[in-house]
Engineer: 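First the structure, which I've put down as structure tokens, then a few questions once you've had a look.
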Amino acid sequence: MASPAQGQSVELQAADVTCLGGADPAKYPLQKKRHSLEFLRTIAHLRPRTNTFGAVARVRSALSGAIHNFFQNRGFVYIHTPIITTSDCEGAGQMFQVTTLDLKQPPMIAGQVDFSADFFGQAANLTVSGQLEAEIYALALGDVYTFGPTFRAENSNTSRHLSEFWMVEPECAFCDLAGDVGLAEEFLKAIFSHILQHCPEDMSFFNKLIDSTVIETLEKIIQSDFERISYTEAVEILTRSRENFAFPVSWGADLATEHERYLTEKWVNKPVVVTDYPKEIKPFYMRLNDDGRTVAAMDVLMPKIGEIIGGSQREERYQALQSRMLEAGLSLDTYWWYLELREFGSAPHAGFGLGFDRLVQFVTGMSNIRDVIPFPRTPKSAAF
RNA sequence: UCCCCGGUAGCUCAGUUGGCAGAGCGGGUGGCUGUUAACCACCUUGUCGCUGGUUCGAGUCCGGCCCGGGGAGCCA
């Protein structure tokens, strides 16, 4: 019925009310007041009932749908890459081991655990990335993407890291670095537009109560052209800046958080794509440039949260890949199938990885990544 | 993992020089009211993170540990 009160056009008039499930007000933890996000994290089974976590859940779901739409509409094939992997070092940090062996009394051979007696007949881990497997399908089907959980056993205690997080990884055949950067820019803009269009109520909620700049930031990014600079240019800009950095800038060293923030927040206040990093600070699979000292890598840096996308053109030349693997001290046997992709009908290809939870963070303005995933897993914390 | 800050009532916090454990909110009861985080009165609430020490006496001082926050590293 019509409501005489302000701020609402209609209201319910109940003829009959039945209580289906009571909640003792003396015990119910959610009070009629503002709770801290830290406290709500300790009651993860009740926090989705709050307006903030409801809005986060809806936007997270909408973002997820937008990502699938974006790729499906462009003919990308969604690939389910494995969660359990026996590639013992995918090169992206510490892995969680998966085993059915009795940890109190594992089978031993010559003082070493005998993993041939383990479930898979060898040591197995949770994946840190679906990229290498995505490359297999890209070189068969063309454009593909993965979107699934990823696991890192790093002891990272920050507002931007989870031990279990979701990652989006497109991989495109017949694509070079410029094409990869273009895809990343188009992708982010499409996702942001989708959210502004489809979640206006939740977005104004975030803008009002969480971060008063989120909507404006997203709108600006949609309209802006991402700045593209090479690592070498970035180092020059940083050196010329006369900023008082805690970490010195020099060619060959990785960019620190403060450097990335300067580039994206002060130098130009918009997303910056840094390309062509020194090969020493990037993984073996990135394509060696003609200068012999840099690789075709790219990082998309966003104001406030820093790196949101990391990608590269992959090394498609057999000899070049082999020598980079040897330089990195990797076993060629472990990656025999990865090398065979270059031996049998190789093609230029490129892709990137996007931290999905960081994307949710950026879109909602939520400052801690533990508050944009329903059940966060971090060091010393996996309750619920 | 490193640096800094914190942990006191269900929640958010105060607690002086080492000397009886506090407030607001919440909850209960009553009142009032087309309310919007209602309002008024009264009542209710403690393993002061854990542990060892100093002291006549420790929330307060010292050591160790656990957990949380901010920053850094690693990265997405």
Side-chain angles (χ1 to χ4, degrees), chain A residues 1-13 23-43 46-47 50-52 67 90-95 127-131 146-170 184 187-188 209 245-247 253-261 274 277 281-283 297-302 304-312 351-362 366-373 376-383:
Chain A
M1 61 182 291
S3 174
Q6 286 189 342
Q8 58 190 31
S9 52
V10 292
E11 64 184 42
L12 280 179
Q13 188 172 42
D24 184 350
K27 291 186 196 158
Y28 189 49
L30 290 177
Q31 297 170 8
K32 221 173 162 182
K33 59 179 277 193
R34 198 164 184 147
H35 284 295
S36 69
L37 297 170
E38 290 83 9
F39 168 68
L40 291 172
R41 231 172 272 154
T42 68
I43 48 169
L46 298 173
R47 69 176 183 169
T50 64
N51 49 12
T52 300
I67 286 167
E90 292 185 25
Q94 283 293 115
M95 303 175 86
T127 183
V128 294
S129 163
Q131 179 202 317
T146 75
F147 184 6
T150 309
F151 308 87
R152 306 262 167 105
E154 297 287 351
N155 193 5
S156 295
N157 296 287
T158 82
S159 55
R160 309 183 306 283
H161 288 86
L162 291 166
S163 309
E164 175 182 295
F165 63 100
W166 286 65
M167 191 148 67
V168 179
E169 294 175 290
F187 170 78
L188 288 173
L209 283 134
F245 293 122
F247 293 89
D254 212 348
L255 301 179
T257 300
E258 56 175 344
H259 305 140
E260 297 181 345
R261 292 191 69 149
V274 182
Y277 285 79
I281 58 175
K282 290 293 181 184
M298 64 102 166
D299 283 354
V300 180
L301 310 179
M302 303 291 272
K304 287 190 279 193
I305 59 164
E307 185 183 344
I308 194 170
I309 282 179
S312 70
F352 61 78
L354 165 102
F356 178 67
D357 312 270
R358 283 187 187 171
L359 182 76
V360 182
Q361 241 187 308
F362 186 74
M366 297 291 287
S367 57
N368 197 311
I369 201 167
R370 300 170 190 204
D371 299 325
V372 299
I373 188 168
R377 275 86 181 89
T378 54
K380 299 284 161 57
S381 170

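The sequence lines fix the lettering, A, B, ..., with proteins before strands; numbering per chain opens at 1.
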Engineer: Just checking A/L162: base, sugar-phosphate only, or nothing, at a heavy-atom cut-off of under 4.0 Å?
Structural biologist: base
Engineer: Taking only the side-chain heavy atoms of A/Q31 (C-beta and beyond), determine which of B/rG26, B/rC74, B/rA76 contains the nearest atom.
Structural biologist: B/rG26
Engineer: What is the nucleic acid contact for A/P25, judged by heavy atoms within less than 4.0 Å: base, sugar-phosphate only, or nothing?
Structural biologist: sugar-phosphate
Engineer: Ring pair (Phe, Tyr, Trp, His ring centres under 6.0 Å) with A/F356: which of A/F147, A/W166, A/F362?
Structural biologist: A/F147
Engineer: Of the nucleotides B/rG73, B/rC67, B/rG71, which has the atom closest to the A/K380 side chain?
Structural biologist: B/rC67
Engineer: Of all the nucleotides listed (B/rC75, B/rG70, B/rG73), which has the minimum atom distance to the side chain of A/S159?
Structural biologist: B/rG70
Engineer: Touch check for A/A256, heavy atoms < 4.0 angstrom, all strands: base, sugar-phosphate only, or nothing?
Structural biologist: sugar-phosphate
Engineer: Return whichever of A/I369 or A/S381 has its heavy-atom-nearest nucleotide of RNA chain B closer to the 5' end.
Structural biologist: A/S381
Engineer: With no angle test and no hydrogens, is the base of B/rC75 tied to the side chain of A/H161 by a donor-acceptor pair under 3.5 Å?
Structural biologist: yes
Engineer: Rounded to the nearest angstrom, tell me the gap between atom CD1 in A/I308 and atom C1' in B/rA76.
Structural biologist: 9 Å
Engineer: Would you say A/N157 reaches B/rG71's phosphate, i.e. side-chain N/O to OP1/OP2 under 4.0 Å?
Structural biologist: no
Engineer: Compare side-chain N and O positions of A/T257 against OP1 and OP2 of B/rG71 and report whether any pair is under 4.0 Å apart.
Structural biologist: no
Engineer: Can you find a heavy atom in the side chain of A/L188 that is under 4.5 Å from one in the side chain of A/L354?
Structural biologist: yes
Engineer: Decide yes or no, distance alone: a donor-acceptor N/O pair under 3.5 angstrom between the base of B/rC74 and the side-chain of A/S156.
Structural biologist: yes
Engineer: Give a yes or no on whether a donor-acceptor pair under 3.5 Å exists between the nucleobase atoms of B/rC75, that is its base, and the side chain of A/R358.
Structural biologist: yes
Engineer: Are A/F245 and A/H259 close enough that their ring centres sit under 6.0 Å apart?
Structural biologist: yes
Engineer: Picking from B/rC11, B/rA76, B/rG70, which would you name as closest to the side chain of A/H35?
Structural biologist: B/rC11
Engineer: Evaluate the side-chain contact (heavy atoms from CB on, under 4.5 Å) criterion for residues A/E260 and A/V274: first the C-alpha distance (whole Å), next the side-chain angles of each, then the deciding distance (0.1 Å), finally the verdict.
Structural biologist: CA-CA 9 Å; A/E260 297 181 345; A/V274 182; over 6 Å; no
Engineer: Would you say A/R152's side chain and A/V128's backbone share a donor-acceptor pair under 3.5 angstrom?
Structural biologist: yes
Engineer: Measure the distance between the ring centre of A/F356 and the centre of the six-membered base ring of B/rA76, then answer whether it is under 5.5 Å with planes under 30°.
Structural biologist: no
Engineer: Among B/rG69, B/rC75, B/rA72, which is the nearest nucleotide to the side chain of A/T158?
Structural biologist: B/rA72
Engineer: Any side-chain N or O of A/T42 less than 4.0 Å from the OP1 or OP2 oxygen of B/rC11?
Structural biologist: no
Engineer: For the side chain of A/E38 and the base of B/rG68, is some donor closer than 3.5 Å to an acceptor across the two?
Structural biologist: no
